[in-house]
Amino acid sequence: MPELPEVETTRCGIAALLTGQKVARVVVREWRLRWRVSRALVRELPGQTFRRVARRAKYLLLATDAGTVILHLGMSGSLRVVPADTAPAAHDHIDIVFADGRCLRLRDPRRFGALLWTRTEPQLHKLLRALGPEPLGTDFDADYFYARTRRRKVALRDFLMNARIVAGVGNIYANEAAFLAGLRPQRRVGRLTRAECERVVTAVRETLQQAIAAGGTTLRDFQNANGLPGYFQLQLYVYGRAREPCRRCGTPIKAVRLGQRAGFFCPRCQS
DNA sequence: AGAGGTACCTGGCAGC
DNA sequence: TGCTGCCAGGTACCTC
């Protein structure tokens, strides 16, 4: 579920609630996430105080003096802060219990998420080291994007979903950004002109900013830290809208198979 | 180096 | 109603 805007929405929701909280204990009801939940985390996090909550790509970074919790929501994860004695529902796998009696609760039905622990600078962690620039940061610009696309044959949609190129863009926003840029998701990036690359960069930033402002996209079950859905699905131009009229021109939106995942575009607005 | 496929897992839905 | 097959927001890892 969560792409960058949903993770950012979650980060905003939990940052104030977490910062300054001392951890009393960690309750693990299910160890088997994407990777086994870090035993070192369960051992070393109690007694620590959360100093800040940052984000890199789709990873949440919960920093303490002893180390950093690296948390990924996978496809179906969500976080809430609730009283620690609240009965856990199905798929509520982890509680990080605070000294004040509340806890940060991770729910993740598909268990594609991750809960890891690093004692060093999190950016050096294997999972974060090779990530491309943040799409909303200054490193992601037309020069960079144009240079990286040269001699590449992959479809624009897949290129945007490549975390080594740009971090945090998933299928929804890759398709939406392609629409805003006026380019079909199946376009081979190596043939994009410099001007088209500039449009893509602008479109990616625009799409993500709008989505963050709307609290993310809730297709099925995404909820923010307060248990509320996002609203960006109401503004989607193409994603999941096959055969529905384009919001710009009324032409039916088309779905294409790109690799293993669906792509969506307006045959009139995108070339 | 790059492209493409596979694997991990559960739940919802369409179709029969 | 109940079964089956397909699809899903991610991404590391494998092979070619």
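Proteins get letters first, then strands, A, B, ... in listed order; numbering begins at 1 in each.
A:Tyr239 and A:Thr217 share no side-chain donor-acceptor pair at under 3.5 Å. Using a 3.5 Å distance cut-off with no hydrogens or angles, the side chains of A:Asn175 and A:Asn171 do pair a donor with an acceptor.
If you take CG of A:Asn162 and C1' of B:dG4, they are 13 Å apart, rounded to a whole angstrom. Between the CZ atom of A:Arg110 and the P atom of B:dG12 there is a distance of 12 Å, given to the nearest Å. As rounded to whole Å, 11 Å separates atom P of B:dG5 from atom CZ of A:Arg257. Between the CZ atom of A:Arg148 and the C1' atom of B:dA1 there is a distance of 11 Å, rounded to whole Å. For the pair A:Arg129 CZ and C:dT11 P, the computed distance is 17 Å after rounding to whole Å. Between the C1' atom of C:dG9 and the CZ atom of A:Phe112 lies a distance of 11 Å, rounded to the nearest Å. To the nearest angstrom, P of C:dG9 lies 16 Å from CG of A:Leu208. Atom CG of A:Leu71 is separated from atom P of C:dT11 by 13 Å (rounded to the nearest Å).
If you chain together ILVMFWY residues whose side-chain heavy atoms come under 4.5 Å of each other, A:Leu131 ends up grouped with A:Trp35, A:Tyr59, A:Leu61, A:Ile70, A:Leu116, A:Leu127, A:Leu128.
The pair A:Lys58-A:Glu3 does not meet the salt-bridge criterion, since no charged nitrogen lies less than 4.0 angstrom from a carboxylate oxygen. No salt bridge links A:Lys22 with A:Asp100; every basic N to acidic carboxylate O contact stays at or beyond 4.0 Å.
Taking the ring axis of A:Trp31 as reference, the NZ or CZ atom of A:Arg39 stays within 45° of it and closer than 6.0 Å to the ring centre. Under the 6.0 Å distance and 45° angle rule, A:Arg110 counts as a cation-pi partner of A:Phe112. In this structure, A:Arg248 forms a cation-pi arrangement with A:Tyr237, its terminal cationic atom sitting closer than 6.0 Å to the ring centre and no more than 45° off the ring axis.
A distance of about 14 Å separates the P atoms of B:dG5 and C:dC7, rounded to the whole Å.
More than 12 heavy atoms of other residues, nucleotides or ligands lie within 6.0 Å of CZ in A:Arg150, so this atom counts as buried by the packing criterion. Counting non-hydrogen atoms of other residues, nucleotides and ligands closer than 6.0 Å to CZ of A:Arg29 gives a total above 12. In the displayed structure, A:Arg257 atom CZ is contacted under 6.0 Å by more than 12 heavy atoms of other residues, nucleotides or ligands.
Non-hydrogen atoms lying under 4.0 Å from DNA chain C are contributed by nothing in residues 183-194 of chain A. Less than 4.0 Å separates DNA chain B from at least one heavy atom of each of the following residues of residues 149-159 of chain A: A:Arg152, A:Lys153, A:Val154.
Secondary-structure annotation of DNA chain B gives the stems B:2-8 with C:10-16, B:10-16 with C:2-8, with a stem taken as at least 3 successive Watson-Crick or G-U pairs whose two distances both fall under 3.5 Å.
Contacts of A:Phe232 with the nucleic acid, taken as non-hydrogen atoms under 4.0 Å apart, are absent.
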When you compare the protein's N or O atoms with those of nucleotides 12-14 of chain C, which come within less than 3.5 Å of each other, and at what distance?
| residue | atom | partner | partner atom | Å |
| --- | --- | --- | --- | --- |
| C:dA12 | OP1 | A:Tyr59 | OH | 3.1 |
| C:dA12 | O4' | A:Arg34 | NH2 | 3.1 |
| C:dC13 | OP1 | A:Lys126 | NZ | 3.4 |

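Listed pair A:His91 / B:dT10 fails the phosphate criterion, with no side-chain N or O lying under 4.0 Å from OP1 or OP2.
Panel note: side chain A:Gln48, backbone A:Ala66; a donor-acceptor pair is recorded below 3.5 Å.
Nearest heavy atoms, A:Arg164 versus A:Arg148: O-NH1, 4.1 Å.
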Please tabulate, one pair per line, all N/O donor-acceptor pairs under 3.5 Å involving side-chain atoms of residues 7-16 of chain A, not counting sequence neighbours.
| residue | atom | partner | partner atom | Å |
| --- | --- | --- | --- | --- |
| A:Glu8 | OE1 | A:Arg11 | NE | 3.2 |
| A:Glu8 | OE1 | A:Arg55 | NE | 2.7 |
| A:Glu8 | OE2 | A:Arg11 | NE | 3.3 |
| A:Glu8 | OE2 | A:Arg11 | NH2 | 2.9 |
| A:Thr9 | OG1 | A:Pro5 | O | 2.7 |
| A:Thr10 | OG1 | A:Glu6 | O | 2.9 |
| A:Arg11 | NH1 | A:Val53 | O | 3.1 |

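Not a single donor-acceptor contact under 3.5 angstrom links the side-chain atoms of A:Arg111 to the base of B:dC9. Donor-acceptor pairing under 3.5 Å, judged by distance alone, is absent between the side chain of A:Arg261 and the base of C:dA8.
Residue A:Gln260 has its side chain nearest to B:dG5 when only B:dC9, B:dG5, C:dT11 are considered.
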